[in-house]
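Taking it in order: structure first as structure tokens, then the write-up.
Reminder, nothing fancy here: chain letters follow the sequence lines and each chain counts from 1.
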There are 2 protein chains.
Amino acid sequence: MTPSSFRTWQSVQAEVLRRIHARDWKPGDLIPNEADLAVEFGCARATVNRALRAVAETGLLDRRRKAGTRVAAQPVAKATLEIAVIRHEVEARGDTYDHLLIERHYLTPPLAISGAMRTGSTEKLLHVRALHLAEGAPYALENRWINMRVVPEAMNEPFDRVSANEWLLQHAAYTHGDIAFSAIQANGADADSLGIAENSAVLAIDRLTWNREASVTKVQLLFTPGYQLRTGL
Amino acid sequence: MTPSSFRTWQSVQAEVLRRIHARDWKPGDLIPNEADLAVEFGCARATVNRALRAVAETGLLDRRRKAGTRVAAQPVAKATLEIAVIRHEVEARGDTYDHLLIERHYLTPPLAISGAMRTGSTEKLLHVRALHLAEGAPYALENRWINMRVVPEAMNEPFDRVSANEWLLQHAAYTHGDIAFSAIQANGADADSLGIAENSAVLAIDRLTWNREASVTKVQLLFTPGYQLRTGL
DNA sequence: AAGTGGTCTAGACCACGCG
DNA sequence: GCGTGGTCTAGACCACTTA
């Protein structure tokens with residue numbers, strides 16, 4: 001058994017993936033421990049650790065102390081979606097970007113909003129509706145509520161030139177948040193803004209972000225029909 | 001300056017995140033290099049490296065050799081969706097799972113399919129349509145094409161008890177793939193299978209997986225209205 | 001009790017890419 | 001050219017978990 005020279009963690013990772021794909025190591029199998037693999041590969045255990053950890057992050061390996069490392073029986077595919085500023089998303093496609101503020105009000109939100117954002121039921125929030133355009137055509141409709149207690153500077157922002165989408169990313173950090181993807185039928189007002197038929201199926205992205213215990217902003221983005229969110233596996 | 005004792009990479013990461021959220025380090029700022037931070041934190045450079053790498057993976061830091069590490073000006077949110085076997089997804093919600101095979105044929109696919117899968121235009125593929133149920137109610141409709149040149153064993157699988165969704169994960173490894181999320185209006189047949197009104201908005205997940213140069217399977221999942229794909233940020 | 005992965009260290013060399 | 005992050009090493013100790 002000549003210790004083949006796998007000197008980088010990437011090459012170790014590639015060899016591990018090769019063995020999984022070639023079914024040398026089958027789903028459910030226990031694979032050798034790090035120390036043994038390090039000897040076999042002719043590298044330090046830390047290098048093997050780095051490689052196995054990377055593969056485990058993709059869901060192809062299950063690792064547990066003492067129990068060892070197993071090939072996942074039913075790997076959970078992990079699709080990472082990169083949600084960028086919409087302007088960048090549009091420009092990355094080579095399209096010209098434009099932004100149109102539809103309305104901007106400071107008012108008491110519906111209970112569904114104040115409830116989700118955990119703001120007082122009578123507390124006013126900044127409400128912004130805006131349209132993002134690609135090549136002059138509607139691309140996405142943004143419907144946003146901003147917690148002025150957390151981002152008071154937003155009160156002075158018109159959001160006509162720079163979108164709330166973009167301004168908030170630079171001026172309001174968040175510690176965590178939730179995001180949900182769903183399909184909904186566009187209602188009259190939304191369909192009108194997007195220039196589509198009422199009840200058309202549109203992809204909706206709902207985000208709610210927090211800074212510690214306080215909600216920062218709640219936003220819904222509706223994308224024009226045909227829009228696809230893509231990524232690799 | 002007493003080197004506060006940050007002994008684990010997680011604690012270093014927490015401190016780095018704290019400084020970003022507290023805007024000690026603002027968007028666009030260059031932060032100290034690893035060696036300096038290691039001295040300040042009283043730990044090894046490798047520990048700082050591990051922490052900064054983890055933060056960079058979330059998109060909050062941009063790291064480049066020689067140029068150093070900067071706080072991202074416009075962080076790209078990364079949402080990782082875990083696409084599990086549908087049975088597990090349903091059971092994880094505490095619901096009972098059932099599976100209903102609708103049809104299973106070995107036939108020449110439409111050109112759109114053979115084109116995407118890069119199979120010969122006259123080459124037959126296995127086509128499977130099936131319904132996944134939660135608590136007896138339709139949950140998702142699966143429409144799948146399987147490359148028999150890559151997974152010939154599938155020919156002997158009835159897919160009536162074990163879904164193609166589940167069987168393939170155990171018996172056909174893939175090296176890479178694409179996934180797309182979109183909103184579409186259910187056509188007559190699909191709406192019928194799902195027990196919903198025609199033209200209802202449904203969330204569609206389209207996946208195409210490959211084993212090296214050969215396509216393994218192409219599948220579309222249509223989820224009943226109201227379904228949300230959720231994750232944290 | 002013991003085996004496994006998880007992590008830290010101190011030092012070293014390297015590759016990239018600004019200036 | 002040279003500073004920065006990227007990585008490898010050898011050794012060590014620890015934490016968790018299972019047998």
Side-chain angles (χ1 to χ4, degrees), chain A residues 2-17 19-20 25-73 75-76 78, chain B residues 2-17 19-20 25-73 75-76 78:
Chain A
T2 45
S4 343
S5 80
F6 290 105
R7 309 186 81 308
T8 70
W9 72 264
Q10 290 95 335
S11 69
V12 171
Q13 181 187 38
E15 172 62 12
V16 168
L17 289 175
R19 292 185 184 188
I20 294 174
W25 293 339
K26 300 184 184 61
D29 280 3
L30 191 63
I31 74 173
N33 68 33
E34 294 187 347
D36 290 349
L37 286 174
V39 172
E40 181 186 344
F41 291 150
C43 65
R45 180 165 79 96
T47 305
V48 173
N49 180 277
R50 176 84 191 265
L52 294 185
R53 195 156 33 81
V55 176
E57 272 170 17
T58 71
L60 252 58
L61 289 176
D62 281 334
R63 319 195 71 197
R64 273 151 56 214
R65 281 161 153 133
K66 167 72 179 175
T69 300
R70 291 178 180 280
V71 179
V76 174
K78 293 184 182 168
Chain B
T2 45
S4 344
S5 80
F6 291 104
R7 308 185 73 339
T8 70
W9 70 266
Q10 291 95 334
S11 69
V12 171
Q13 181 188 39
E15 171 63 11
V16 168
L17 289 175
R19 293 186 184 187
I20 294 174
W25 294 339
K26 300 184 183 62
D29 280 2
L30 191 63
I31 74 172
N33 67 32
E34 294 186 348
D36 290 349
L37 286 175
V39 172
E40 181 186 344
F41 291 151
C43 66
R45 179 164 80 97
T47 305
V48 173
N49 179 278
R50 176 82 190 265
L52 293 184
R53 194 155 36 79
V55 177
E57 272 170 16
T58 71
L60 251 59
L61 289 177
D62 282 334
R63 320 194 70 198
R64 274 149 56 211
R65 283 160 148 127
K66 167 70 179 176
T69 300
R70 291 179 179 280
V71 179
V76 174
K78 294 185 181 167

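Atom CD in A/Glu15 sits 10.5 Å away from atom CD1 in A/Ile20 (nearest 0.5 Å). From A/Glu34, atom CD reaches atom OG1 of A/Thr47 across 10.5 Å, with rounding to the nearest 0.5 Å.
Heavy atoms only, all atoms of each residue included: A/Cys43 and A/Phe6 are closest at CB-O, 3.5 Å.
Put simply, CH2 on B/Trp9 is 16 Å from P on D/dT7, counting in whole angstrom units. At whole-Å resolution of the value, CG in A/Asp62 and P in C/dT4 are 17 Å apart. Rounded to an integer number of Å, the gap from CD of A/Gln13 to P of D/dG6 is 16 Å. The nearest whole Å value for the distance from the CG atom in B/Leu52 to the P atom in D/dT4 is 14 Å. Rounded to an integer number of Å, the gap from CZ of B/Arg50 to P of C/dG6 is 9 Å. Atom P of nucleotide C/dC8 and atom CZ of B/Arg53 are separated by 11 Å, given to the nearest angstrom. The NZ-P distance, from A/Lys66 to D/dT17, rounds to 13 Å in whole Å. As a whole-Å value, the separation of B/Arg70 CZ from D/dT4 C1' is 13 Å.
The side chain of B/Asn49 places an N or O atom within less than 4.0 Å of a non-bridging phosphate oxygen (OP1 or OP2) of D/dG6. Put simply, A/Arg64 has a side-chain N or O that comes within less than 4.0 Å of OP1 or OP2 on D/dT18. For the OP1/OP2 pair of C/dT9 and a distance below 4.0 Å, the side-chain nitrogens and oxygens of B/Thr47 include at least one atom meeting the criterion. Of the side-chain N and O atoms in B/Arg63, one or more sit less than 4.0 angstrom from OP1 or OP2 of D/dG6. Considering only side-chain N and O atoms, B/Thr69 lies nowhere under 4.0 angstrom from the phosphate OP1 or OP2 of D/dT4. Phosphate proximity of C/dT7 to B/Gln10: present, with a side-chain N or O under 4.0 Å from OP1 or OP2.
Here the side chain of A/Arg63 pairs no donor or acceptor atom with the backbone of A/Thr69 at under 3.5 angstrom.
Heavy-atom distances to DNA chain D give each of A/Arg7 and A/Ala67 a nearest nucleotide, and the one nearer the 5′ end belongs to A/Arg7.
Nearest to the side-chain atoms of B/Glu34 among the listed nucleotides D/dT9, C/dG3, D/dG5 stands D/dG5.
Between the base of D/dT7 and the side chain of B/Arg45 there is a donor-acceptor pair shorter than 3.5 Å.
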Check the pair A/Val16, A/Leu37 against side-chain contact (heavy atoms from CB on, under 4.5 Å), reporting the backbone distance first and the verdict last. CA-CA 10 Å; A/Val16 168; A/Leu37 286 174; 5.5 Å; no
